[in-house]
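Okay, so here's the structure we're looking at.
Nothing here was measured: the structure is a model prediction, and the numbers come from that model. Quick note on labels: first sequence line is chain A, next is B, and so on, each numbered from 1.
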Amino acid sequence: MALRLYDTKTAQLRDFQPIKPGQVSLYYCGATVQGRPHVGHVRSAVAFDLLIRWLEASGHDVLSVRNVTDIDDKILEKSQASYAEGFEPTADYPAEEPWFALAYRFEQAFHEAYDALGVRRPRYEPRATGHITEMFALIQRLIEAGHAYRAADDSGDVYFDVRSWPKYGELTRQSVDDMQDAPDADPRGKRDSRDFALWKGHKDGDPETASWDSPWGRGRPGWHLECSAMSTKYLGETFDIHGGGLDLRFPHHENELAQSAAAGDGFANFWLHNGMVTYEGEKMSKSIGNTISPEEMLQQARPKAVRYFLGQAHYRSQLDYKPGALQEAEAAVERIESFISRALPESFSLVPQQHIPEGFRAAMDDDLNVPAALAVLHETVRAGNTAIDAGDKSAAEQRGLEAATMMSILGLLDVPEPDLSSGPAASALETLVQAQLDKRAEAKSAKDFGTADAIRDQLNAAGVVIEDTPQGASWSLKGDA
RNA sequence: GGUGGGGUGGCCGAGUGGCGAGGCAGCGGCCUGCAAAGCCGUAUACGCGGGUUCGAUUCCCGUCCCCACCUCCA
């Protein structure tokens, strides 16, 4: 059975076949680095990380690209505001910060958030400002093809001519005439209010560093253009998959498609969009302010649990966050991990492709049905625990390898966790806890259960969980499997 | 107004024309000195009203409600 993916453009599940057998070219939209990442950003990154991992587990080489949009209106506005009189600096927005410094700083914040959740870096991560000449070339092609024009006023803007491209709206199946009129206060030199800027002429007050000489005068690129320019540069004029958040479908992806297709590029064969993250039913967004940061989540739960939470719903579904959700995820992750550590010897080598259960493969091949795949994982854990209880070591180990494989494919083995098992503090703790356990063992063998239980309660209160096994007592820290 | 996605047991969340995924929480049991972990069992779930059908949560029609997008959005 082959991989099927839901393509937003055709609104249906389609068999996925890469253009080049064995290699998949994937572009997915990263962030406009104008602020700290919120959960929606990392959900999207986790979703596409999952896709990449599954493609790889299925034997593909994945050429992945994720953009950094490091210039746009918001970045400039925020930088500009930091110079204004009466500006009150905060930890996230210091005073007098140039736009490029602000963008660079938040780009790093995104990296930290991705890294913390085991989202692997894409093969290439190009910045918009590094591809101005590629954008020139694209604009030039559009002008020559009659799909872009210089603004009628003296703004120096260049617009995409929506009416010149009959397919405009094909991605979201909308017709230009049915679109709600943009409340465009400043139509400037546009022919149609839906026309969008490819190039924005330099305005007084904009920093000189945020403008480039172009054939149409000094200025800066419009939003959308960078993704068309960069995706085709790194992946070719036709590539396999273009992804991003559902909210980017319109206008961002619609415009990308229009400008690339109108310039004569084949562009993406598949369009994938992940669902939004909501907070108790409402979309999390900067403008509403109901966001939860990845940092806040990481304070509440282990990184693995956070990743599990973000990946557990189907990627196209809305993912609702509510208090307590992370604790549930933590319980599920710990159940799986404690099984794997019971079933497998200290060190084991994993050859993923040898241990993928058929049900898991079928679920993932079905448009990355992670919830169904997780059901297989949990069933494997139960079967493995049963085998352990029955003393069937080889069956337990087999289930253990399968469970570890699935965890690996889901990216849950790569999530960095604080290492509590080495270092001087760890060995001091080990010595102290072991001394208590020895005392408890003595008390137990003397049938002095009062003392034994007191020791256990005391350790428990300190966050050390005791488990008695036939081989003696073992301990672990709460929240650390 | 246009476009798209939804309403599933206490919560989360898949899925299917007829054997009630999975997780979390709960309850009962096994195990345990007692626990923990693990295992077994346990829920009269599919917004509402019609229709098609031997049979619908699943298909069709109607209806109510929710969410997203329509030029800041992952």
Side-chain angles (χ1 to χ4, degrees), chain A residues 8 11 28-32 34 37-48 72-74 77 110 169 172-184 193-197 222-224 243-252 254-255 273-278 281-288 308-309 312-314 316-322 324-325 327-336 338-339 342 359 363 366 369-379 381-382 384-386 388-390 444 447-450 452-453 456-457 460 465-469 473-474 476:
Chain A
T8 319
Y28 74 99
C29 283
T32 299
Q34 48 121 343
H38 67 75
V39 175
H41 294 113
V42 290
R43 193 248 174 132
S44 183
V46 166
F48 287 100
D72 91 316
D73 293 352
K74 284 251 161 106
E77 273 168 31
F110 272 86
T172 49
R173 286 174 297 287
Q174 304 182 89
S175 92
V176 174
D177 295 313
D178 287 337
M179 288 181 196
Q180 216 168 54
D181 268 352
D184 198 341
S193 67
R194 288 86 169 179
D195 290 352
F196 55 93
W223 187 40
H224 318 307
L246 192 58
D247 52 353
L248 291 182
R249 237 167 22 122
F250 194 94
H252 185 53
E254 188 73 72
N255 290 354
H273 291 98
N274 63 275
M276 300 292 95
V277 181
T278 54
E282 287 251 322
K283 180 187 165 189
M284 274 190 204
S285 90
K286 285 244 149 86
S287 51
I288 301 173
Y308 183 97
F309 168 74
Q312 69 178 346
H314 185 98
R316 283 193 284 121
S317 300
Q318 189 168 288
L319 175 66
D320 195 42
Y321 170 81
K322 58 180 62 175
Q327 283 63 44
E328 287 184 16
E330 193 150 273
V333 168
E334 277 173 19
R335 174 178 152 78
I336 299 163
S338 80
F339 161 66
R342 289 206 304 156
D366 181 18
N369 190 338
V370 171
L374 285 174
V376 174
L377 172 54
H378 281 107
E379 276 161 6
V381 168
R382 179 156 35 75
N385 276 323
T386 301
I388 290 174
D389 287 356
K444 272 178 66 172
K447 304 276 183 208
D448 179 4
F449 296 118
D453 290 352
R456 185 172 64 199
D457 291 347
N460 213 292
V465 183
I466 305 305
E467 286 180 36
D468 290 325
T469 72
S474 72
S476 60

Would you please test A/S474 and A/E467 for side chain to side chain donor-acceptor pair (under 3.5 Å) and show each step? CA-CA 5 Å; A/S474 72; A/E467 286 180 36; 4.8 Å; no
Stems in RNA chain B: runs of 3 or more consecutive Watson-Crick or G-U pairs, distances under 3.5 Å?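 If one scans RNA chain B for consecutive Watson-Crick or G-U pairs, the stems found are B:1-7 with B:64-70, B:10-12 with B:22-24, B:26-30 with B:38-42, B:47-51 with B:59-63.
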Mapping A/K74 and A/A375 onto RNA chain B by nearest heavy atom, which one lands closer to the 5' end?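 Of the two residues, A/A375 wins.
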Nearest-nucleotide 5' precedence on RNA chain B, A/Q327 against A/K322: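 This one resolves to A/K322.
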Between [atom2] of [N] and [atom1] of [X], the distance in whole Å:
X	N	atom1	atom2	answer
A/L377	B/rA21	CG	P	18 Å
A/D247	B/rC70	CG	P	8 Å
A/R173	B/rC69	CZ	P	17 Å
A/D177	B/rG1	CG	P	18 Å
A/L246	B/rU3	CG	P	16 Å
A/Y321	B/rC11	OH	C1'	14 Å
A/F339	B/rG23	CZ	C1'	17 Å
A/H273	B/rG5	NE2	P	14 Å

Roughly how many Å apart are [M] and [N], using the [atom1] atom of each and rounding to a whole number?
N	M	atom1	value
B/rG49	B/rA14	P	26 Å
B/rG47	B/rG9	P	8 Å
B/rA43	B/rG10	P	14 Å
B/rC19	B/rG51	P	22 Å
B/rC46	B/rC12	P	16 Å
B/rU44	B/rG33	P	36 Å
B/rG55	B/rA37	C1'	44 Å
B/rG5	B/rC59	P	13 Å

Atom [atom1] in [X], atom [atom2] in [Y]: separation rounded to 0.5 Å?
X	Y	atom1	atom2	result
A/N255	A/F196	CG	CZ	3.5 Å
A/R456	A/D453	CZ	CG	4.5 Å
A/R316	A/M276	CZ	CE	13.5 Å
A/Y308	A/E328	OH	CD	10.0 Å
A/L374	A/E379	CG	CD	11.0 Å

Looking at [X] and [Y], what are the two nearest heavy atoms and their distance?
X	Y	result
A/T172	A/E254	OG1-OE1, 2.5 Å
A/H378	A/I336	NE2-CD1, 3.7 Å
A/K444	A/D468	NZ-OD2, 3.3 Å

With a 4.0 Å limit, can you tell me whether A/H378 has a side-chain N or O closer than that to the phosphate oxygens OP1/OP2 of B/rG22?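 Result: no.
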Below the 4.0 Å mark, does B/rC39 have OP1 or OP2 next to a side-chain nitrogen or oxygen of A/N385?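 True: A/N385 side-chain N/O within range (under 4.0 Å) of B/rC39 OP1/OP2.
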Please classify the nucleic acid contact of [X] as base, sugar-phosphate, or nothing, using heavy-atom distances under 4.0 Å.
X	result
A/V277	base
A/G30	sugar-phosphate
A/E254	nothing
A/R43	nothing
A/G40	base

Protein-to-nucleotide contact annotation, 5' to 3' order, nucleotides 30-37 of chain B [B base; S sugar-phosphate only; - none; under 4.0 Å, heavy atom]: ---BBBBS
Strictly under 4.0 angstrom, non-hydrogen atoms only: write out the protein contact profile of nucleotides 13-18 of chain B, one letter per nucleotide from the 5' end, B, S or -. SSS---
Under a 4.5 Å cut-off applied to non-hydrogen side-chain atoms, are A/N274 and A/R43 in contact?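 In contact.
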So, do A/V370 and A/H314 sit near enough that their side-chain heavy atoms are less than 4.5 Å apart?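 A/V370 vs A/H314: side chains apart.
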Tell me, with the steps shown, if A/T32 and A/Q34 meet side chain to side chain donor-acceptor pair (under 3.5 Å). CA-CA 6 Å; A/T32 299; A/Q34 48 121 343; over 6 Å; no
Over 60° means perpendicular and under 30° means parallel, so classify the ring planes of A/Y28 and A/F48, tilted if in between.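 Ring orientation of A/F48 relative to A/Y28: parallel.
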